[in-house]
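Please read the structure below before turning to the comments.
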Amino acid sequence: DELRYKNKEMEQIVYVASHDLRSPLLNIQGFSKELQESLNQIATILDEIDLPVEARAKFAEPLEEDIPDSLRFILASSSKMDALLSGLLRVSRLGRASINMKELDMNKLISDITETFSYQIKEAKARFPINELPSCRGDDVKINQVFSNLLDNALKYRDRKRDCIIMLSGKKEDGHIVYCLEDNGIGIAEKHMEKIFEIFHRLHPGDSDVAGDGLGLSIVRRIIDRHGGKIWVESEPGKGSKFFVTLPE
Ligand code: ADP
């Protein structure tokens, strides 16, 4: 009970912090844009004034470089902070959202997901053969989110040196269902296997051709936790990864 209470309290703090920190952030973004406009006005006024060349040169550095550069940094940092806060907010909302358990036809759910991802699958020239899957119990929207995230990652972190093959299988085991999404992508080193489920944790944050916010797997784990299930990964760098998910039967 104490743990549950502490968790609730923690969630409330995260919610309030991420929600309330956004208002001052909007002010920073709004006023930075106003400063940008005022700066443009000053530049126009200066253009219209007859100024000696030397005086004009003195204005050039602050007006054309220093101030615009600073404004760009302020705006870029505040957008980054905005993205982090909305991520936190999404995660904290998940902890409070209700879970509507029902019998899930996984074959239907996965075929819907495959349809949604048909563009990405085609673009990656990936093969994702559909196997017969056992059904389970869960919230259809949330479980769709789980497998969409896992499939999205399998496509994003593919090894571009070989054909991308993704397989999904499922079997009954000790009163629950275990699903396994296997890819032949870049793989994950053992030391990172737990860390990838942490919020905002990305293994290649500077890699510009793979976009992401480091939220996907922490959201997935949270959803699975709330279903009373488990998620873990087995992987070999350079060979591929297997993400296992257990859900109630
Ligand atoms: P994101 O994809 O937005 O970075 P995730 O939480 O979904 O965030 O994943 C966290 C990190 O785990 C990723 O940045 C990536 O480094 C690693 N990862 C996730 N899925 C895979 C996968 N199938 N193969 C290799 N690495 C993966």
Side-chain angles (χ1 to χ4, degrees), residues 14 18 76 79-95 97 110 113-114 116-131 133 141-170 178-227 229-247:
V14 172
S18 46
S79 317
K80 172 83 185 157
M81 194 161 156
D82 195 16
L84 292 174
L85 288 177
S86 46
L88 270 182
L89 202 56
R90 265 170 58 206
V91 174
S92 84
R93 280 200 180 119
L94 248 185
I110 297 299
I113 293 177
T114 313
T116 316
F117 275 84
S118 54
Y119 175 76
Q120 287 99 310
I121 292 176
K122 198 165 159 216
E123 202 202 35
K125 294 194 183 74
R127 267 188 288 147
F128 183 38
I130 307 271
N131 294 320
L133 295 167
V141 176
K142 304 264 173 341
I143 298 302
N144 185 308
Q145 197 177 352
V146 164
F147 285 94
S148 298
N149 260 313
L150 294 179
L151 177 62
D152 189 34
N153 280 347
L155 291 165
K156 282 198 308 191
Y157 303 107
R158 65 183 184 271
D159 189 334
R160 280 147 215 270
K161 292 193 292 294
R162 56 179 173 254
D163 288 350
C164 172
I165 304 172
I166 303 166
M167 311 264 243
L168 178 61
S169 57
V178 188
Y179 297 100
C180 171
L181 189 90
E182 178 174 3
D183 65 52
N184 64 342
I186 57 176
I188 299 158
E190 180 146 18
K191 61 176 185 216
H192 296 303
M193 283 184 196
E194 258 310 303
K195 289 212 172 302
I196 56 170
F197 294 100
E198 287 172 8
I199 189 164
F200 301 132
H201 194 94
R202 303 199 70 210
L203 301 185
H204 315 277
D207 195 343
S208 56
D209 46 277
V210 184
D213 49 18
L215 273 179
L217 288 178
S218 57
I219 288 180
V220 164
R221 175 164 271 180
R222 236 176 145 72
I223 294 176
I224 299 297
D225 275 353
R226 294 218 45 209
H227 281 74
K230 285 203 178 80
I231 175 164
W232 70 97
V233 65
E234 287 174 8
S235 184
E236 208 178 312
K239 287 236 161 97
S241 314
K242 287 181 187 171
F243 281 86
F244 293 89
V245 170
T246 69
L247 282 167

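One is the number of the first residue; the rest follow in order along the sequence. Given the structure is predicted, the values throughout are model-derived calculations rather than measurements. Just so you know, ligand 1 is whichever comes first in the structure, and atom 1 is the first atom listed for that ligand.
- Closest non-hydrogen pair, Ser218 versus Gly214, comes out as OG-O, 4.2 Å.
- Distances from ligand 1 to the non-hydrogen atoms of His192 include no value under 4.0 Å.
- For His201, every heavy-atom contact with ligand 1 shorter than 4.0 Å involves the backbone, none the side chain.
- For the side chain to side chain donor-acceptor pair (under 3.5 Å) condition, the pairs that include at least one residue of residues 187-197, sequence neighbours left out, are Glu194-Arg221.
- At least one heavy atom of Ser241 sits closer than 4.0 Å to an atom of ligand 1.
- Here the shortest heavy-atom distance to atom 12 (O) of ligand 1, taken over Asp152, Leu150, Ile196, belongs to Ile196.
- Taking all heavy atoms of Ala154, Ala189, Gly214, Gly216 into account, the minimum distance to atom 3 (O) of ligand 1 is reached by Gly214.
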Please tabulate, one pair per line, all N/O donor-acceptor pairs under 3.5 Å involving side-chain atoms of residues 179-186, not counting sequence neighbours.
from: Tyr179; atom 1: OH; to: Pro134; atom 2: O; distance (Å): 2.6
from: Asp183; atom 1: OD1; to: Gly185; atom 2: N; distance (Å): 2.9
from: Asp183; atom 1: OD1; to: Ser241; atom 2: N; distance (Å): 3.0
from: Asn184; atom 1: OD1; to: Ile165; atom 2: N; distance (Å): 3.0
from: Asn184; atom 1: ND2; to: Asp163; atom 2: O; distance (Å): 2.8

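- Under the 4.5 Å side-chain criterion, counting only non-hydrogen atoms from C-beta, His227 is in contact with Ile143.
- In this structure, of Phe200, Tyr157, Phe197, the residue bringing a heavy atom nearest to atom 22 (C) of ligand 1 is Tyr157.
- Annotation for Arg162 and Gly238: closest pair NH2-O, 2.8 Å, computed over non-hydrogen atoms.
- Proximity of Asn149 to ligand 1, defined as any heavy-atom pair under 4.0 Å, is not found for any part of the residue.
- Within 6.0 Å of NZ in Lys242 there are 12 or fewer heavy atoms belonging to other residues, nucleotides or ligands.
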